[in-house]
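Any value given below was found using the heavy atoms of this structure, including those in side chains, with hydrogens, waters and symmetry copies removed. Each chain gets a letter, A, B and so on, in the order its sequence line appears, and its residues count up from 1.
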There are 2 protein chains.
Amino acid sequence: MKTTGEILRERREKKGMLLRHVSALLDIDTAILSKIERGERKATREQINRLAEILEIDKESLIIQYLSEKILYELKDEDLGIQALKVAEKTIKYGVTKNK
Amino acid sequence: MKTTGEILRERREKKGMLLRHVSALLDIDTAILSKIERGERKATREQINRLAEILEIDKESLIIQYLSEKILYELKDEDLGIQALKVAEKTIKYGVTKNK
DNA sequence: CCTATATTTGACAATTATTGTCAAGTTAAT
DNA sequence: ATTAACTTGACAATAATTGTCAAATATAGG
């Protein structure tokens with residue numbers, strides 16, 4: 001499966017846009033976008049929304065990929081990650097979230 | 001399923017310990033522990049380790065519960081949370097993590 | 001009821017993590 | 001060798017998390 005960064009870079013190049021162009025629309029330095037595309041940094045949630053629009057990427061699939069990477073990042077050093085994911089999934093399904 | 005906070009409070013009371021006692025061992029103010037037990041704040045990962053020892057709680061199950069709450073917190077405003085969880089699960093299973 | 005002790009609450013301070021800029025360094029194509 | 005695009009790394013700004021403190025509420029005995 002393609003990473004968020006790969007998706008972004010592919011689409012940007014396919015559209016013939018430069019880092020300079022896209023980063024200007026996002027109002028950030030090209031350095032950050034470069035890092036995002038190479039997976040060295042994470043985009044913010046808001047940047048993902050804008051990028052989907054700017055690059056005309058299917059929003060849902062981009063967000064799903066982005067969120068899953070965020071989750072994996074949280075669990076990267078955890079042996080019990082899979083079990084935690086399963087518990088989270090069950091909880092979310094039964095709508096038992098009581099976060100504030 | 002019991003929340004992390006509920007597990008902690010139950011065990012502390014069962015052991016007849018006061019917030020004061022446990023929070024001293026954790027080297028934090030009782031206020032924070034109170035909030036953690038009531039789910040108003042999250043414990044740190046390290047505090048979870050210490051709490052499992054201090055309160056003699058099965059470490060694995062406590063960590064799984066704790067991590068799953070952390071994940072759910074990340075996804076609390078996301079419509080696509082479940083899908084993201086599923087993608088994350090698949091990725092973790094195939095050991096394709098390339099986070100740095 | 002009085003008062004001791006335990007817990008809770010909320011304002012805000014300290015700390016840590018994330019997000020950003022900038023300038024200099026590569027890379028690649030003339 | 002120039003030039004344009006991108007990358008790198010040091011560090012600044014901002015935002016989120018974690019903590020303290022003091023006052024407010026319970027809770028339980030005399």
Item to complete: Return the value, rounded to whole Å, for the distance between atom CZ of R45(A) and atom P of dT19(C).
Response: 13 Å
Worksheet item: Sequence neighbours excluded, which residues qualify as side chain to side chain donor-acceptor pair (under 3.5 Å) partners of R12(A)?
Response: E37(A)
Worksheet item: Of all residues at least two apart in sequence or in a different chain, which pass the salt bridge (Lys or Arg N to Asp or Glu O under 4.0 Å) check with R45(A)?
Response: E78(B)
Worksheet, complete the sentence: Residue pairs meeting side-chain hydrogen bond (donor to acceptor under 3.5 Å, both in side chains), one or both in residues 20-32 of chain A, sequence neighbours left out, come to none
Worksheet item: side-chain hydrogen bond (donor to acceptor under 3.5 Å, both in side chains): which pairs involve residues 51-61 of chain A, sequence neighbours left out?
Response: K15(A)-E56(A), E53(A)-K59(A), D58(A)-S61(A)
Item to complete: For E89(B), enumerate each residue passing the side-chain contact (heavy atoms from CB on, under 4.5 Å) test, keeping only those at least two apart in sequence or located in another chain.
Response: L85(A), K86(A), E89(A), K93(B)
Which atom pairs link the protein and nucleotides 24-27 of chain D when you take only N or O atoms and keep those under 3.5 Å?
none

Worksheet item: For S68(A), which residues count as a side chain to side chain donor-acceptor pair (under 3.5 Å) partner, sequence neighbours excluded?
Response: none
Worksheet item: Atom CG of L26(B) and atom C1' of dT20(D): how far apart are they, to the nearest Å?
Response: 15 Å
Worksheet item: Hey, what bend do you get for the helix from dT5(C)-dA26(D) to dT30(C)-dA1(D) if you fit axes on five pairs at each end, rounded to 10°?
Response: 30°
Fill in: Any residue meeting side-chain contact (heavy atoms from CB on, under 4.5 Å) with I32(A), in chain and number order, not counting sequence neighbours
I28(A), I36(A)
Worksheet entry | All side chain to side chain donor-acceptor pair (under 3.5 Å) counterparts of E10(A), not counting sequence neighbours | K2(A)
Worksheet entry | Those residues that, when tested against K70(A), pass salt bridge (Lys or Arg N to Asp or Glu O under 4.0 Å) (two or more places apart) | E74(B)
Fill in: Under 4.0 Å protein heavy-atom contacts per nucleotide of nucleotides 5-13 of chain D, with B for base, S for backbone only and - for none
SSBBB----
